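In what follows, a structure is listed as structure tokens, so that the remarks can point back to it.
The structure presented is a predicted model; accordingly, all values stated were derived computationally and were not measured.
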Amino acid sequence: MCFSRNFSEVETGKKTLILHGTKTSATLNAVMMELYHLKKGGAVKYSRKNENIRPFEAGGETSLEFFSQKTDCSIFVYGSHSKKRPDNLVLGRMYDHHIYDFIEVEVENFKSLQSFAYEKKIAPHEGSKPFICFMGEGFENVQELKHLKEVLLDLFRGEVAENLNLAGIDRAYVCTAVSQNKVFLTHCAMRLKKSGTIVPRMELVEVGPSMDLVIRRHRLPNESLMKEAMKTAKDKPKKKEKNVSQDAVQGKIGKIYIPDQKLGEMVLPNKAKGVKRERREAKQKQREEGGHASKKRKDSE
């Protein structure tokens with residue numbers, strides 16, 4: 001999907017904007033800080049409190065769109081805390097620096113990186129490409145979970161790559177649908193072990209952070225905006241190719257037009273030698289014909 005247009009229909013890497021609301025809790029501050037570290041190099045974090053950001057209210061999106069344009073970020077994470085909605089996290093996406101969609105979740109059972117004990121040598125490297133695993137039928141059947149899956153994919157996947165070195169993949173995000181509105185998210189390191197084949201066996205070691213995300217509210221994009229955002233370079237009309245046709249059996253068939261070569265007017269190399277040889281052959285032929293004629297006269301006498 002092309003959420004940051006940048007005068008092109010080719011998708012670029014998505015940067016993440018992390019913002020604080022008027023009030024945040026210690027849990028939310030830790031969550032947003034660790035998300036920033038996980039996205040280091042592809043995230044911008046502001047620690048100042050923002051009073052004017054209210055994603056679900058009319059007019060409350062202006063500040064978000066301003067910060068998106070200022071930082072050139074197409075994904076945002078907004079944290080706020082209140083009595084009605086404690087530990088509230090809003091994850092959303094932008095298109096052309098305008099709100100595309102977002103989903104609101106509550107953070108429960110948060111465990112930070114420091115809560116996990118493991119061998120430090122297997123810790124994931126900064127900037128490495130992750131695996132993202134979604135477990136549970138709800139991600140295919142429940143609308144809210146499908147929406148959360150799309151947002152989490154854009155949040156964690158980073159730069160799009162066509163080829164990957166297996167040895168450089170050292171992390172995985174595992175998302176498990178606990179219920180129709182609750183997802184368990186954890187971050188794991190990948191340990192490569194011998195398997196007896198070329199492809200090694202992978203073992204997951206939980207390195208954190210981990211948390212439960214309870215879905216509260218969400219807003220999907222309207223159809224016209226979705227259609228525009230989904231455009232890719234392949235959707236452009238192809239330039240018509242002249243003298244090319246498709247055949248069900250032979251496939252693509254093309255015609256090539258070659259101009260008249262005018263071989264009769266071309267100067268051939270060693271033309272003089274060729275003429276002399278032709279003359280010698282003609283004279284020899286005449287002599288042979290003359291000799292045969294004289295023999296016939298003698299025979300007739």
- Can you tell if the side chain of Met33 reaches within under 4.5 Å of the side chain of Ile18, non-hydrogen atoms only? no
- Message: Given the ring of Phe184, does Lys182 sit roughly above its face, with NZ or CZ under 6.0 Å from the centre of the six-membered ring and within 45° of the axis?
- Response: no
- Would Met32 end up clustered with Val90 when hydrophobic side chains under 4.5 Å apart are linked, directly or stepwise? no
- Task: For Val183 and Val178, run side-chain contact (heavy atoms from CB on, under 4.5 Å): C-alpha distance rounded to whole Å, both residues' side-chain angles, the deciding distance at 0.1 Å, then the answer.
- Result: CA-CA 5 Å; Val183 172; Val178 180; over 6 Å; no
- Who passes side-chain contact (heavy atoms from CB on, under 4.5 Å) against Lys252, sequence neighbours left out? Glu241, Val244, Gln246
- To the nearest 0.5 Å, how far apart are CZ in Arg216 and CZ in Phe56? 10.5 Å
- Query: Taking the side chain as C-beta and beyond, is there a heavy-atom pair between Tyr95 and Ser74 under 4.5 Å?
  - Reply: no
- Task: Could you give me the CA-CA distance, side-chain angles and deciding distance for Met211 and Val31, then say whether side-chain contact (heavy atoms from CB on, under 4.5 Å) is met?
- Result: CA-CA 9 Å; Met211 67 195 87; Val31 169; 4.3 Å; yes
- Please assess Val77 against Leu17 for the test side-chain contact (heavy atoms from CB on, under 4.5 Å), listing each intermediate value before the final yes or no. CA-CA 6 Å; Val77 176; Leu17 174 65; over 6 Å; no
- Message: Enumerate the ring-ring contact (aromatic ring centres under 6.0 Å, His included) contacts for residues 64-94, please, sequence neighbours excluded, ordered by first and then second residue.
- Response: Tyr46-Phe67
- All heavy atoms of Gly21 vs all of Ser80, minimum pair found to be CA-CB, 4.5 Å
- Task: Answer whether the closest heavy-atom distance between the side chains of Asn50 and Thr22 falls below 4.5 Å.
- Result: no
- Note on the structure: Looking only at heavy atoms, the pair that brings Ser195 and Pro200 closest together is OG-CA, 3.8 Å
- Test Asp87 against Phe110 for side-chain contact (heavy atoms from CB on, under 4.5 Å), laying out the working first. CA-CA 10 Å; Asp87 298 328; Phe110 172 71; over 6 Å; no
- Message: Side-chain heavy atoms nearer than 4.5 Å, only ILVMFWY residues, links allowed to pass through others: does that put Val174 and Met202 together?
- Response: yes
- Assess whether atom CZ of Phe116 is packed by more than 12 heavy atoms of other residues, nucleotides or ligands within 6.0 Å. yes
- Roughly how far, to the nearest 0.5 Å, is CG of Asn109 from CG of Asp212? 4.5 Å
- Message: Are Ile75 and Leu35 linked, directly or through intermediate hydrophobic residues, by side-chain heavy-atom contacts shorter than 4.5 Å (ILVMFWY only)?
- Response: yes
- Message: Distance check, rounded to the nearest 0.5 Å: Leu220 atom CG versus His147 atom NE2?
- Response: 5.0 Å
- May I ask you to test the Glu106-Arg85 pair for a side-chain heavy-atom distance under 4.5 Å? no
- Flag side-chain contact, heavy atom, 4.5 Å: Val105 against Val214: no
- Rounded to the nearest 0.5 Å, how far does NZ of Lys14 lie from CG of Asp154? 4.0 Å
Can you list, pair by pair, the side-chain donor-acceptor contacts under 3.5 Å of residues 187-194, counting residues two or more places apart and other chains?
residue : atom : partner : partner atom : Å
His187  : ND1  : Gly208  : O            : 2.9
Arg191  : NH1  : Glu203  : OE2          : 3.3
Lys193  : NZ   : Glu203  : OE1          : 3.4

- Item | Close side-chain approach of Leu91 and Leu89, heavy atoms under 4.5 Å | yes
- Audit row: Arg219, Asp101, salt bridge (Lys or Arg N to Asp or Glu O under 4.0 Å) steps and yes/no: CA-CA 6 Å; Arg219 194 184 81 179; Asp101 66 345; over 6 Å; no
- Hey, does the side chain of Asn222 reach the backbone of Leu225 with a donor-acceptor pair shorter than 3.5 angstrom? yes
- Is Glu108 atom CD crowded by more than 12 heavy atoms from other residues, nucleotides or ligands, each under 6.0 Å away? yes
- Applied to residues 130-140, the salt bridge (Lys or Arg N to Asp or Glu O under 4.0 Å) test, sequence neighbours excluded, yields Glu140-Lys149
- Do you reckon Leu38 sits in the same ILVMFWY cluster as Phe131, going by side-chain contacts under 4.5 Å, direct or chained? no
- Item | Path from Val142 to Ile103 over hydrophobic side-chain contacts below 4.5 Å | yes
- Can you name the one residue among Glu228, Met226, Met230, Arg93 that meets side-chain contact (heavy atoms from CB on, under 4.5 Å) with Pro221? Met226
- Message: Working to the nearest 0.5 angstrom, can you tell me the gap between Leu148 CG and Leu213 CG?
- Response: 6.5 Å
- Only counting residues at least two apart or in another chain, list the ones meeting side chain to side chain donor-acceptor pair (under 3.5 Å) with Arg171. Ser128
- Determine the minimum heavy-atom distance between Pro55 and Glu61, stating which atoms define it. O-OE2, 3.6 Å
- Message: Minimum heavy-atom separation for Ser63 and Ile53, please, with both atom names.
- Response: CB-CG1, 3.7 Å
- Note on the structure: Between the CZ atom in Phe156 and the CG atom in Leu185, the distance rounded to the nearest 0.5 Å is 5.0 Å
- Message: Pairing donors with acceptors under 3.5 angstrom, does anything connect the side chains of Thr27 and Ser25?
- Response: no
- Item | Test item: Lys15 side-chain N/O and Thr71 main-chain N/O as donor-acceptor pair under 3.5 Å | yes
- Note on the structure: residues 37-50 vs salt bridge (Lys or Arg N to Asp or Glu O under 4.0 Å), sequence neighbours excluded, gives none
- Going by atom types only, do Glu104 and Asn88 share a side-chain donor-acceptor pair under 3.5 Å? yes
- Locate the shortest heavy-atom distance separating Pro209 from Glu34; write the atom from each residue and the value. CB-OE1, 3.1 Å
- Task: State, with a plain yes or no, whether a side-chain heavy atom of Phe102 is found less than 4.5 Å away from one of His218.
- Result: no
- Work out which heavy atom in Leu204 is nearest to a heavy atom in Ala172; give both atom names and the distance. CD2-CB, 4.1 Å
- Message: Within the 4.5 Å heavy-atom criterion, are Leu64 and Met94 side-chain neighbours or not?
- Response: yes
